[in-house]
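A, B, ... follow the sequence lines: proteins, then strands. Residue 1 opens every chain. Just so it is clear, the values below take in all heavy atoms, side chains as well, and ignore hydrogens, waters and symmetry mates.
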Protein chains: 2
Amino acid sequence: MTSLPSILGGLDPTSDRAVFRQIADQLREAIDRGRFKEGEKLPSEAELVEHYGVSRMTVRNSFSILQGEGLVHAEHGRGVFVRPRPPVRRLASDRFARRHREQGKSAFIVEADAAGSHPTVDSLEVKEEKAGQDVSTRLGSVRRVLARRRRYLLDGRPVEFATSYLPLDIARGTPIAEPNPGPGGIYARLEELGHQLDHFEEEIRARMPTPSEVKTLRLAPGVPVIHLIRTAFDTAGRAVEVCDTVMAADAYVLSYQLPAT
Amino acid sequence: MTSLPSILGGLDPTSDRAVFRQIADQLREAIDRGRFKEGEKLPSEAELVEHYGVSRMTVRNSFSILQGEGLVHAEHGRGVFVRPRPPVRRLASDRFARRHREQGKSAFIVEADAAGSHPTVDSLEVKEEKAGQDVSTRLGSVRRVLARRRRYLLDGRPVEFATSYLPLDIARGTPIAEPNPGPGGIYARLEELGHQLDHFEEEIRARMPTPSEVKTLRLAPGVPVIHLIRTAFDTAGRAVEVCDTVMAADAYVLSYQLPAT
DNA sequence: CATGCATACTCGTATAGACGAGTGGGCAAG
DNA sequence: CTTGCCCACTCGTCTATACGAGTATGCATG
């Protein structure tokens, strides 16, 4: 183990930059330079207190900055570690192409298998409920909807939480209202029911997670979520489904292909 | 002003939830319920110390949680305020359609004007430089590129920082290498130069900002960035431009339209 | 009336100390 | 050798205090 002073330097008392920021800066730089590698343990609070000659709260303050940036994570009783960048899942813009649907398996399963990961779907809930303001508007002023909630996991890690909303007059009494809608998912069923799909509209936001999202996605501090709202339109121009998806941002790259016409 | 106890309730000493989390929970809920409105000042640290009978650091700890969630922001000497949700800028997926280009103004200016905001572009830098690993790969192993850097502001607020990279054999000595490339932007110039555009590819990530991004975008704590990398392809299948964009996530909603074929 | 300063109130930074709780290694007892 | 406990080390939470610095308000002075 290399000695601390050789990695971390000292403080500049003349600087007007707060001490805890200077410490955070030095740790961040050391991480960026690879002096501390992914998954590696940073010096303990006590060691940094010793090295810099500051109080423990000041060191903790520095750590909390890095934690907020998603650079490190603390483990109670073990130490503070450089957060490994987890493998990412790519979502291609053609993931809902009919040709994929025709193969029967869901987009999530197919992609995960291809990437060599072990996909799971859990906490499936299917029920009728009152439509929220936003969903109601998007679906064209419907009052009640069928809601399909599910959570996706990759190698045991939750990465995505999604809810599909469908108008009752379309979904009630069909396979769509079943926990397992069958091969090709609900888009395949919609087309069988005569709702030929025309196009999708996707809205993307990024923000910090709510506490409840932190819980269901087991998010580390400093990890934002990608909030995607997709509306499916049939050839008659009617919105037949709204899918509200919250993804752990550190697990995803979205990819879109746009024509230049 | 309503009295604090009527809004905030007390602590549960039997709970194993940390005191500062309980306080954060109560404040968060009060904000969600609209007891504290956008832009409104929360009770001061001193008031909360009084109300809950805890030390100041504990209260500050609560605030720092809410700040990390992007719910509130502190102003030195003034107080802690509920962060207003700023007006968002929508990026439609047809924003690079040729018909828009033909009108001459840049997409950013047109959209901002339409939304009634006052758009600005600053810190324009145009220079030749060595291509980074990623850019080089995307452009097909070029070594040096023309880099065009600019920052976009809306009503004085920086919302986006973008860099375009173009292969030198395409851009050198053309209007693209000028600070102002002329009406329709560089895509119009590319087509005039014989590089008929075929399609774009966009990759989207979300993450917490680096300190340097916090600075140039003047980001509040708890605001993630959307990182968008767009590659433009001509009809010959060659990548003719890579545009690397970092956006303040609280200022944007991206919108894409996908065919269902 | 206008200016400017004093002052009270705000958050920012830092110290020092205390106890709790999770983790892991070593040692002693079986 | 295995089991189980103790202990050292780690981060988590909380208190109490101190001083600095930005903001706003009102009052005194000109």
Side-chain angles (χ1 to χ4, degrees), chain A residues 1 4 10-27 36 39-68 71-83 211 214 218 220-222, chain B residues 1 4 10-27 36 39-68 71-83 211 214 218 220-222:
Chain A
M1 153 96 188
L4 272 199
L11 299 175
D12 174 5
T14 71
S15 163
D16 54 358
R17 187 150 178 86
V19 171
F20 72 89
R21 288 185 207 285
Q22 292 187 45
I23 296 178
D25 290 345
Q26 294 192 13
L27 290 170
F36 300 114
E40 206 172 312
K41 188 173 165 302
L42 293 181
S44 75
E45 294 175 356
E47 284 173 308
L48 291 173
V49 163
E50 168 85 9
H51 174 75
Y52 286 114
V54 298
S55 80
R56 188 175 156 222
M57 284 312 293
T58 301
V59 169
R60 280 185 62 76
N61 218 338
S62 311
F63 276 155
S64 98
I65 288 189
L66 299 179
Q67 206 160 123
L71 269 182
V72 306
H73 69 113
E75 292 183 28
H76 193 167
R78 305 222 311 128
V80 177
F81 300 83
V82 179
R83 226 155 65 73
V214 167
R218 274 186 245 141
Chain B
M1 153 98 188
L4 271 200
L11 299 175
D12 175 4
T14 71
S15 164
D16 54 356
R17 188 151 177 84
V19 172
F20 73 90
R21 288 185 207 283
Q22 293 186 45
I23 297 177
D25 290 345
Q26 294 192 13
L27 290 170
F36 300 114
E40 206 172 311
K41 188 174 164 302
L42 292 181
S44 74
E45 294 176 358
E47 283 172 307
L48 291 173
V49 162
E50 167 86 10
H51 173 76
Y52 286 112
V54 298
S55 81
R56 191 177 155 222
M57 283 313 292
T58 302
V59 170
R60 281 184 62 74
N61 218 336
S62 312
F63 277 156
S64 98
I65 288 188
L66 299 179
Q67 206 161 123
L71 270 182
V72 306
H73 68 112
E75 293 183 28
H76 193 167
R78 304 223 312 129
V80 177
F81 301 83
V82 179
R83 227 155 66 72
V214 167
R218 276 187 243 139

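Remark: P of D:dT23 and NZ of B:K41 are 15 Å apart, rounded to the nearest angstrom. Separating the CD atom of A:E75 from the P atom of C:dG24 is a distance of 9 Å, rounded to the nearest angstrom. Residue A:E45 contributes atom CD, which lies 15 Å from atom C1' of C:dT15 at whole-angstrom precision. What separates CD1 of B:I65 from P of D:dC14 is a distance of 10 Å, to the nearest Å. The CG-P distance, from B:N61 to C:dT13, rounds to 14 Å in whole Å. Following rounding to the nearest Å, B:H73 (NE2) and C:dC11 (P) show an atom-to-atom distance of 12 Å. Rounded to an integer number of Å, the gap from CZ of A:F81 to P of D:dC9 is 16 Å. The CZ atom of B:R60 sits 18 Å away from the P atom of D:dT17 (whole-angstrom rounding).
Closest to the side chain of A:A74, from the set D:dC14, D:dG12, C:dG12, is D:dG12. Comparing D:dG22, C:dT13, D:dC11 against the side chain of B:H76 picks out D:dG22 as the nearest. For B:A46, taking side-chain heavy atoms from C-beta onward, the closest of the listed nucleotides C:dG12, C:dT10, D:dC14 is C:dT10.
At D:dT15, none of the side-chain N or O atoms of B:R56 fall inside 4.0 Å of OP1 or OP2 (strictly under the cut-off). OP1 or OP2 of C:dT13 sits under 4.0 Å from a side-chain N or O of A:R21. The phosphate of C:dT15 (OP1 or OP2) has a side-chain N or O of A:T58 nearer than 4.0 angstrom. Close to D:dC9, at under 4.0 Å from its OP1 or OP2, lies no side-chain N or O of A:S44.
A distance of 12.0 Å separates OG in B:S62 from CD in B:Q67, rounded to the nearest 0.5 Å. Atom-to-atom distance recorded for B:F36:CZ and B:K41:NZ is 10.0 Å, nearest 0.5 angstrom. Interatomic distance, NE2 of B:H73 versus CG of B:L42, reported as 9.5 Å (0.5 Å rounding).
With DNA chain C read from its 5' end, the first of the two nearest nucleotides for A:M57 and A:R78 is the one closest to A:M57. Where B:G79 and A:S55 each meet DNA chain C at their nearest nucleotide, the meeting point lying more 5' is that of B:G79.
Across all strands shown, A:R17 has no heavy atoms under 4.0 Å from either base or sugar-phosphate atoms.
The only option from B:D25, B:D12, B:L11 that meets the side chain to side chain contact (heavy atoms under 4.5 Å, CB included) definition with B:R17 turns out to be B:D25.
Distance alone, capped at 3.5 Å, places no donor-acceptor pair between the B:E45 side chain and the B:V59 backbone.
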